[in-house]
Amino acid sequence: MRYVFEDYALDTDRRELLRAAGPVSVEPQVFDLLRYLIENRERVVSRADLLASVWRGRIVSDSALSTRINAARSALGDNGEVQRLIKTLPRRGIRFVGAVREEPGTADARPMHLSPAGSDKPSIAVLPFENLSGDPEQDYFTDGVVEDITTALSRNRAFFVIARNSSFTYKSRPLNTQRVAHELGVRYLLEGSVRKSGGRVRVTGQLIEAESGRHLWADRFDAELANIFELQDQVVTRVVGAIAPQLEKAEMDRAKKAATGDLAAYDLYLRGLASWNRWTKEENAKALQLFYAAIDKDREFSTPYGLAGSCYLFAKASGWTSSFDEKEISRLADHAADLGVDDPVALCWAGHVHAFFFKDVDRALLLIDRALELDENLAVAWQRSGWVRGYAGDSEGAIASLNRAIRLNPLDPRVFLTQSAMGFAHFIAGRDDEAAHWAAMALRIKPSWLPALRVAIAANAMGGRIDETNRALKAYLGIDPAVSIAKICDYYPLRHEADRQRLILALRKAGLPE
């Protein structure tokens, strides 16, 4: 049996909680709790009911029961304040209050036919275009053109646009459009090709309505390489017009913005972006050099300033580098913010850099909120919002932001970034079991990811899980033998002293030196 509600489904045959984009990780006991609440949604379920049915009569503390209920809420993007789906009735019990549709379960039940984010907005994914240049070295250019088209589309608030990292998981793979659309939770797919030869470029594109397989629009665009930005604008305008012809031209025009008119700067930026997305110490350093080269070509190009700042941020967070020129990092962040007043990518990274390096959480929130006003489909801005709201002590706001990032980027190969942020947010909220759970998920993908190890050490220590604490600490010491409480606290510009003291207490429990 499948119980479908909002953009979720609980599949009891496969024992999976599914979202439009794919499975949601939940512990077996949390799954059983959700199942029992949904199957008994017509009544209030008491504590005794839960102990008898989910725990099979075993004695369980109130705190353990509350932890599992909070974990169930978190898996559904709910919390104890909003109680959108799981409602607490004081002195009586809890009840699942969401509208549920029952469907028979089947062995091939996945993927789900659900719209992302519960929205009626047209939803679209821009798939990797084919490089027809005959030169694999031109992949960076093709991928960059596609990323810019994705960014331009996402800034049209009438659309729900899947993030680049999820779409690019389909690169160099044979595609079944219906299956891809269902896995990403979208109605439309844009695919095409790029041919770059000499001083000219040709872009072809076709827009597909996934459910029917019908081609809504197809066209070919030829231009001099110097006019690549105008060519991208033409593609975006045609796509917008094909999906929603009733949109006003002014709304379409919001998607048109070339950040630089310098082709050499743009080419260096695309090369840097290709390295930035490879996520290694060496490629991060290479990306930083290329972003600086792009800035040298065009001092008014805001995006490379923000991304250069992000390279420094990741170098510190990952333990790739130990010393930093904070004056230079501040210069990059300030230029990203000042030049990028309409550049959400530059703004969101400038914001996180201001918080991470300079403990200016208030300015960080202003910049990130501005980025989200400009582009509510920018997954990385929601991800950065999750981190910074955690620093500010707004754990529920952080979790809501991170859930939005996951919906926009459901197949993100770097989902460990979001998972570790989610663990940190739960730690700030005092939910140590959930924090340890999210950190464990991140570490399954990236065992050496220091932010996840930090959360794992602190959350497991507070939860009294000595073996898990020691394993995480041993892994951390293998990367950073000089780790200390003061050094870890420096990673977290916490606004509230109570949050800082709780982190210090956790690290002391774990046995770290001062």
So, Ser74 and Glu434: side-chain donor and acceptor under 3.5 Å apart, yes or no? no

Consider only side-chain N and O atoms of Ser133 and Asp135, and report whether a donor and an acceptor are under 3.5 Å apart. no

Side-chain donor-acceptor pair under 3.5 Å between Glu130 and Ser193, yes or no? no

Which residues pass the ring-ring contact (aromatic ring centres under 6.0 Å, His included) test with Tyr492, sequence neighbours left out? Phe424

Polar side chain donor-acceptor pair, Ser420 to Trp449, under 3.5 angstrom: yes

Where the side chain of His496 meets the backbone of Ala392, is there a donor-acceptor pair that is under 3.5 Å apart? yes

Just by distance, with hydrogens left out, do Trp276 and Ser310 show a side-chain donor and acceptor under 3.5 Å apart? yes

Decide whether Asp343 and Ser302 meet the rule of one side-chain donor and one side-chain acceptor closer than 3.5 Å. yes

Between Arg389 and Asp369, does the salt bridge (charged side-chain N to carboxylate O under 4.0 Å, His left out) criterion hold? Intermediate values first, please. CA-CA 11 Å; Arg389 290 184 195 286; Asp369 286 347; 2.3 Å; yes

Ser166 side chain to Ala163 main-chain N or O, any donor-acceptor pair under 3.5 Å? no

ring-ring contact (aromatic ring centres under 6.0 Å, His included) with Trp320: which residues, sequence neighbours excluded? Trp279

Can you name the side-chain hydrogen bond (donor to acceptor under 3.5 Å, both in side chains) partners of Tyr266, sequence neighbours left out? Asp148, Gln232

